[in-house]
Structures are given as structure tokens and as C-alpha cells.
Asks: 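Attaching a single structure in C-alpha cells format; questions to follow.
Indexing begins at 1, ligand by ligand and atom by atom, following the structure's order. Fair warning: this is a prediction, and the values are worked out from it, not measured in the lab. Reckoned from all heavy atoms, side chains included, excluding hydrogens, waters and symmetry mates.
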Amino acid sequence: MPHTVLILEPAAAFEAADGASLLEAAQDAGVVMQSSCRNGTCRTCMRKLASGTVKYRIPWPGLTLDERGDGWVLPCVAEPTSDVVLAEAAQKAWWDG
Ligand code: FES
């Protein structure tokens, strides 16, 4: 079942198909999110999950337990398991200045 993904900054909304990571779903919708490794290690894509739930494709995504507890996610390896809202990125995108 697809889930709705809402990004607050920059504002965007799109659907994530079953099995799609948040990053893949954004790219399929033409929404640019910063990324690099796409395998959960570099943390370039790190964003705050404002609401909703995700599951990870890999057992140890590159987040500390504190970061996970504070709601940070890695969209390149996180698949939504509900409708989700993504808030700010951990790193400012180079194209944002
Ligand atoms: S792009 Fe490297 S952790 Fe997501």
C-alpha cells in the first residue's frame, strides 16, 4: 500500500510505492533531496521525521541510538510504513547557499 510523504522544507508531497525508500520515492516524483552514498552510511540525506514510521533496509543504518530516538532518519534506506512528514535536513544543501 503506498504512503503519502510530505516534506516541509522545501515543501513537497508525493506517494511512496511499496518497497520504495523515501529518497527513491522523492526522485520518482521529481523532488530533489540531497544524497550521496545511497546505502545508509554517509548521512548526507539525514532528515528529521516529524511524524509517521519507517523501516530500514539494512540492520544498522548510520545513525546513533540517540539520533534515532530524536527522530532522525536516513531516507535513502528508510521505507515508510505509514504516511510520513519529513522536517528539516541535518545538512544544508549546497544549492540552498
Ligand atoms: S545518501 Fe548516504 S546515508 Fe543516505
Side-chain angles (χ1 to χ4, degrees):
M1 181 172 123
H3 297 291
T4 300
V5 180
L6 176 64
I7 297 179
L8 300 179
E9 197 180 300
F14 51 88
E15 293 288 315
D18 276 344
S21 72
L22 293 166
L23 180 64
E24 290 165 346
Q27 291 175 332
D28 287 348
V31 175
V32 176
M33 291 175 66
Q34 57 187 347
S35 65
S36 183
C37 72
R38 299 171 189 243
N39 64 20
T41 57
C42 75
R43 299 162 55 94
T44 301
C45 65
M46 190 169 161
R47 278 200 176 244
K48 194 83 159 223
L49 185 66
S51 69
T53 55
V54 300
K55 67 178 181 183
Y56 282 102
R57 293 177 170 175
I58 59 175
W60 295 103
L63 295 169
T64 67
L65 287 177
D66 284 345
E67 288 166 341
R68 288 176 82 156
D70 288 342
W72 292 99
V73 297
L74 294 175
C76 66
V77 287
E79 298 174 8
T81 54
S82 71
D83 292 348
V84 300
V85 178
L86 292 173
E88 79 266 23
Q91 300 180 43
K92 192 162 180 60
W94 61 268
W95 58 82
D96 285 342

Asks: Considering the options V85, V31, V84, which one meets the side chain to side chain contact (heavy atoms under 4.5 Å, CB included) requirement together with I7?
Replies: V31
Asks: Is there a donor-acceptor pair closer than 3.5 Å between any side-chain N or O of S82 and the backbone N or O of T53?
Replies: yes
Asks: Who passes side chain to side chain donor-acceptor pair (under 3.5 Å) against S36, sequence neighbours left out?
Replies: none
Asks: Say whether, by atom type as modelled, one donor and one acceptor occur between the side chain of D18 and the main chain of M1 under 3.5 angstrom.
Replies: yes
Asks: Sort by chain and number the protein N/O/S atoms found under 2.8 Å from atom 2 (Fe) of ligand 1.
Replies: C37 SG, C42 SG
Asks: Are any side-chain N or O atoms of R43 and backbone N or O atoms of G62, one a donor and one an acceptor, separated by less than 3.5 Å?
Replies: yes
Asks: Can you see whether T41 engages N39 through a side-chain donor-acceptor pair at a distance of less than 3.5 angstrom?
Replies: yes
